[in-house]
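See below for the structure under consideration.
Along the sequence shown, residues are numbered consecutively beginning with 1.
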Amino acid sequence: MRAIIAEGFGGYQDLKPADIPKPTASDGRVLVRMTVAGVTPLDHTTLFGNFPMARAPLVPGNEGAGIVEEGGDDQFPDGSRVMFTGPYGVLENGAFSEWVAVKKEHLSLIPDNLGDAAVGLPVAYLTALIALRGAGFQPGKTVLAPAIGGSVGNAVTQLARALSARDAISTTTSHAKAEQAKELGFSEVIDLTTEGLAEGVRRITDGYGADIVVDGIGGDILSEALEVLAPGGSLTTLGYSASRKTTIDVTNLIWKGASIKSFLLFSQPVSAWAEAWTTITELLKSRRVEPIIAKTFPLGGAAEALRHLVEGRPLGRVILTI
């Protein structure tokens with residue numbers, strides 16, 4: 001079958017087209033014929049040697065959508081349309097290929113009213129919802145998720161809004177992207193070219209701050225986000241696209257009785273995944289969340305797609321069609 005393989009972890013040049021054996025269905029796994037693969041920051045992290053558990057050669061691709069071809073059951077029958085995420089593209093071959101053998105606990109049916117690409121693919125929404133629940137989200141809470149153009153920042157903002165947050169705030173470092181976000185209906189995006197993060201959060205919340213911060217950026221953004229935590233608030237850190245390192249003022253935690261924690265999707269229990277799938281599917285069906293696709297590439301354009309995601313920083317998802 002056709003696939004894209006990372007022959008090493010030295011950068012884009014290590015992504016090569018290849019013909020590799022087709023996987024098979026087995027006990028606990030179904031064979032999915034891929035139609036769409038998501039391109040994610042995790043693919044970049046792995047490709048550039050920053051995920052120590054990954055081993056080359058490896059087919060990247062942490063998430064995707066397709067059709068169950070073999071090994072289906074009553075829940076996921078042969079011919080059903082499914083989406084999935086899991087350790088694929090990190091600890092085992094992933095979605096940048098024509099077929100993937102997927103564990104059933106990593107699958108969810110695609111709502112009938114949505115195309116495969118329109119699903120936006122699951123990892124960002126699973127991450128966003130489980131992180132929000134872990135932070136104690138309830139209707140009426142104020143949520144900050146920096147980077148409206150990023151997959152997780154956008155997903156957290158949409159989910160918080162759909163689940164009746166008081167405020168669902170995000171940021172961007174691009175004035176053009178701030179205007180684009182406004183046109184898409186995101187009314188609480190801080191344009192960091194015209195005001196600071198803390199200034200923007202205080203303006204939007206009338207000085208209250210954020211009950212919950214879900215940060216996938218790291219670096220200075222994490223430090224600035226801690227400053228605007230409300231009393232008793234919490235910050236969840238789950239990414240470091242800006243930098244792995246930051247400097248914090250511990251009084252932003254101590255004086256407010258606030259907290260900071262980490263999050264890794266693949267360490268969450270199966271029960272949390274199942275509950276999140278149910279909520280996300282219902283929100284997709286009702287169109288209360290609307291995944292945004294920024295650009296589509298063919299499978300052979302995987303390196304170009306990943307470069308566009310990381311260096312072009314589009315507002316929305318980048319996907320491969322297969």
I would like to know whether Leu129 and Ile280 meet side chain to side chain contact (heavy atoms under 4.5 Å, CB included); could you show each step before the answer? CA-CA 8 Å; Leu129 186 56; Ile280 291 165; 3.9 Å; yes
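- Within the structure, every pair that satisfies the ring pair (Phe, Tyr, Trp, His ring centres under 6.0 Å) test and touches residues 88-117, not counting sequence neighbours, is listed here: Phe84-Tyr88, Tyr88-His106, His106-Trp273.
- Asn113 CG: more than 12 foreign heavy atoms inside a 6.0 Å radius.
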One pair to check against ring-ring contact (aromatic ring centres under 6.0 Å, His included): Phe51 and Phe9. What are the steps and the verdict? CA-CA 10 Å; Phe51 201 103; Phe9 296 143; 9.6 Å; no
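- When all heavy atoms of Leu299 and Ser97 are compared, the pair lying nearest together is CD1-N, 4.2 Å.
- Within the 3.5 Å criterion, the main-chain N or O of Ser241 finds no donor-acceptor partner in the side chain of Arg244.
- A donor-acceptor distance shorter than 3.5 angstrom exists from the side chain of Arg29 to the backbone of Ala101, with no hydrogens or angles considered.
- The pair Glu7-Lys16 does not meet the salt-bridge criterion, since no charged nitrogen lies less than 4.0 angstrom from a carboxylate oxygen.
- Leu253 and Leu197 fall within a single hydrophobic cluster, where Ile, Leu, Val, Met, Phe, Trp and Tyr side chains are chained together by heavy-atom contacts under 4.5 Å.
- Counting only residues at least two apart or on different chains, no ring pair (Phe, Tyr, Trp, His ring centres under 6.0 Å) pair has a member in residues 206-235.
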Audit row: Thr40, Val123, side chain to side chain contact (heavy atoms under 4.5 Å, CB included) steps and yes/no: CA-CA 9 Å; Thr40 73; Val123 67; 4.1 Å; yes
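- For residues 291-300, the set of pairs meeting the side-chain hydrogen bond (donor to acceptor under 3.5 Å, both in side chains) definition, not counting sequence neighbours, is empty.
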Please assess Met83 against Asp116 for the test side chain to side chain contact (heavy atoms under 4.5 Å, CB included), listing each intermediate value before the final yes or no. CA-CA 8 Å; Met83 53 185 171; Asp116 293 3; over 6 Å; no
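- Contact detail for Ala18 and Ile5: the closest heavy-atom pair is CB-CD1, 3.8 Å.
- The backbone N or O of Gly72 sits less than 3.5 Å from a side-chain atom of Asp78, completing a donor-acceptor pair.
- One N or O on the side chain of Thr246 and one on the backbone of Gly219 form a donor-acceptor pair closer than 3.5 Å.
- Under the salt bridge (Lys or Arg N to Asp or Glu O under 4.0 Å) criterion, Arg133 pairs with no residue, sequence neighbours left out.
- Side-chain N/O atoms of Arg313 and Thr173 include a donor and acceptor closer than 3.5 Å.
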Side chain to side chain contact (heavy atoms under 4.5 Å, CB included) between Val100 and Asn93, worked out: CA-CA 8 Å; Val100 180; Asn93 283 342; over 6 Å; no
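- Here Glu195 does not pair with Arg202 in a salt bridge; the nearest charged N to carboxylate O distance is not below 4.0 Å.
- A pairwise comparison of heavy atoms in Ile217 and Pro146 identifies CG1-CB, 4.2 Å as the closest pair.
- Under the 3.5 Å distance criterion, the side-chain polar atoms of Thr171 are matched with a main-chain donor or acceptor of Ala147.
- Remark: Trp277 CH2 to Glu282 CD distance equals 14.0 Å, nearest 0.5 Å.
- With no hydrogens or angles considered, no side-chain donor-acceptor pair links Asp215 and Thr237 at under 3.5 Å.
- Val68 and Pro77 get closest at one heavy-atom pair: CB-O, 3.6 Å.
- Note on residues 163-180: pairs passing salt bridge (charged side-chain N to carboxylate O under 4.0 Å, His left out), not counting sequence neighbours, are Glu179-Lys182.
- For residues 17-28, the pairs satisfying side-chain hydrogen bond (donor to acceptor under 3.5 Å, both in side chains) are Lys22-Glu69, with sequence neighbours left out.
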